[in-house]
2 protein chains.
Amino acid sequence: MSRIPTTDGARRTRDRVLNAALGLFNQHGSAAVTTNHVAARAGISPGNLYYWFSDKDEIVRELYAQLVAEYDELWGTGDGTPVDLTPDEVLARLAEGAALSGRYAFLARDILGLLHADPLLEAEYTAVRARRIAEFTDLARTWRARGVIRALDDATVADLVQALWLIAETWFAFGELDGNRADAEDGTRLLRVVLRPYLTPDGGITRSTCEQP
Amino acid sequence: MSRIPTTDGARRTRDRVLNAALGLFNQHGSAAVTTNHVAARAGISPGNLYYWFSDKDEIVRELYAQLVAEYDELWGTGDGTPVDLTPDEVLARLAEGAALSGRYAFLARDILGLLHADPLLEAEYTAVRARRIAEFTDLARTWRARGVIRALDDATVADLVQALWLIAETWFAFGELDGNRADAEDGTRLLRVVLRPYLTPDGGITRSTCEQP
DNA sequence: GTCTATATAATGATAGAC
DNA sequence: GTCTATCATTATATAGAC
């Protein structure tokens, strides 16, 4: 992907740049931060930064790759292994992932604008998104086969997955607007209200509100 | 809000700036467009632009105000009149609003980053959002009182409204990623899959999937 | 690997003539 | 109202010394 360092000291310089950029991007927004700011925060010269990265976009892409890697590690995914979890386990995992969203808050805020400006990042992002949607769709169909969720047709499953994905991807950044730091519970509550009615009375751990009285 | 023009010719210059900015922002993203680009596209000098707007942020705020005004006009809201529509009417109205999202596509993409950079815009945005959420919550409670939706407690209604709002606010920008221009029907399908199970069998126009067999 | 120095370009914004 | 002219500032990126 990028230049491979030959020594541990060098590797540390590259990581310092990434950490400095992450902190500044989160604080001021990626658009307001320049390579000079990043170099200063990293404690290196502006010129040295260009030894490690060709430009700001490459730093952003690298940070996105880090996020994807940490996310895959959390879910034990990315290696083709199908995810097999209960609905409540999925929600719990998503709640854990909220901390990740916080560490990469600038991506939650700026991702759409960044994608529009950098075709390379867009290619990475859409590929990851397609993979995740496919994984989650497979999981939803497994749930359907086991009677965990109701007998929805494939089109409805696709819409449901899409809706849940959209909420999972955006709740954090919009929650930040409410002053109080977005809480992981806020996100899971929103996902739960969407998913809950589709769970069968005995399949889901949380009781379905759809049961007739 | 801004300078008030004294002649129609002048007003037309100001509007040309706004239209030029809107076109460029939509095409390249607001971050990549400078006041010089906007002035050139508007057919005026860079200096003249500063006679009408103090900076780029003010142009963005004005465009956002335009969007809010057009949106309020579409819904007949903003003047305190409570919205009273059926679920299918709401979805139809949202589908009409998709054209608006397209005309102001840059806001759909960049809004979170812009809010982070401009406290004035953030104040406007959060005020509008709070008002819209309140209006929609009132409507949902009206539906509940009429038996259009099930007898949910207030907390669940709040979560449901929040989830629907999040999807309505974000589906367009993410749909753009799929190459095929985002279709209004895509958005309503997502909203429908969330709302449908909460509709009572006879209250909602679309049959609920939650009915027990 | 890292620095200093610098080239090149663009930016936001203002002053003053018309 | 609109223009031209211009400013100080800042950004990206490179060259070459160490």
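For H37(B), a side-chain nitrogen or oxygen approaches OP1 or OP2 of dT11(C) to under 4.0 Å. Of the side-chain N and O atoms in T13(B), none sit less than 4.0 angstrom from OP1 or OP2 of dG1(D).
Checking dA13(D), dA13(C), dG1(C) against every side-chain atom of D55(A), the shortest atom distance belongs to dA13(D). In this structure, the nucleotide among dA11(D), dT2(D), dG1(C) sitting nearest to the side chain of W52(B) is dT2(D). Of the candidate nucleotides dT2(C), dT2(D), dT12(D), dT12(D) has the atom lying nearest to any side-chain atom of T34(A). Nearest to the side chain of T35(B), among dG12(C), dT2(C), dT14(D), sits dG12(C). Each of dT2(D), dT12(D), dG12(C) was ranked by its minimum atom distance to the side chain of Y50(A); first place goes to dT12(D).
With rounding to whole Å, Y51(A) atom OH is found 17 Å from dA13(D) atom C1'. When rounded to the nearest whole Å, the span between CG of N36(B) and C1' of dT14(C) equals 13 Å. The distance from atom CG of L49(A) to atom C1' of dT14(D) is 13 Å, rounded to the nearest whole Å.
Exactly one residue among V157(A), V90(A), T86(A), L85(A) makes a side chain to side chain contact (heavy atoms under 4.5 Å, CB included) with W143(A). That residue is V90(A).
Between Y64(A) and Y125(A), the two ring planes are tilted [angle within 30° to 60°].
Of all non-hydrogen atoms in V194(B) and A163(A), the two that sit nearest each other are CG2-CB, 4.0 Å.
Residue pairs meeting the ring pair (Phe, Tyr, Trp, His ring centres under 6.0 Å) criterion with at least one partner in residues 90-114 of chain A, sequence neighbours excluded, are F25(A)-F106(A).
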What N/O pairs connect the protein and nucleotides 3-5 of chain C at under 3.5 Å? Give each pair on its own line.
residue : atom : partner : partner atom : Å
dC3(C)  : OP2  : S45(A)  : N            : 2.9
dC3(C)  : OP2  : S45(A)  : OG           : 3.2
dC3(C)  : OP2  : N48(A)  : ND2          : 3.1

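Within a 6.0 Å radius of CD in E96(A), more than 12 heavy atoms belonging to other residues, nucleotides or ligands are found.
Judged by distance alone, with hydrogens and angles left aside, the side-chain atoms of R144(A) form a donor-acceptor pair with the main-chain N or O of L152(A) at under 3.5 Å.
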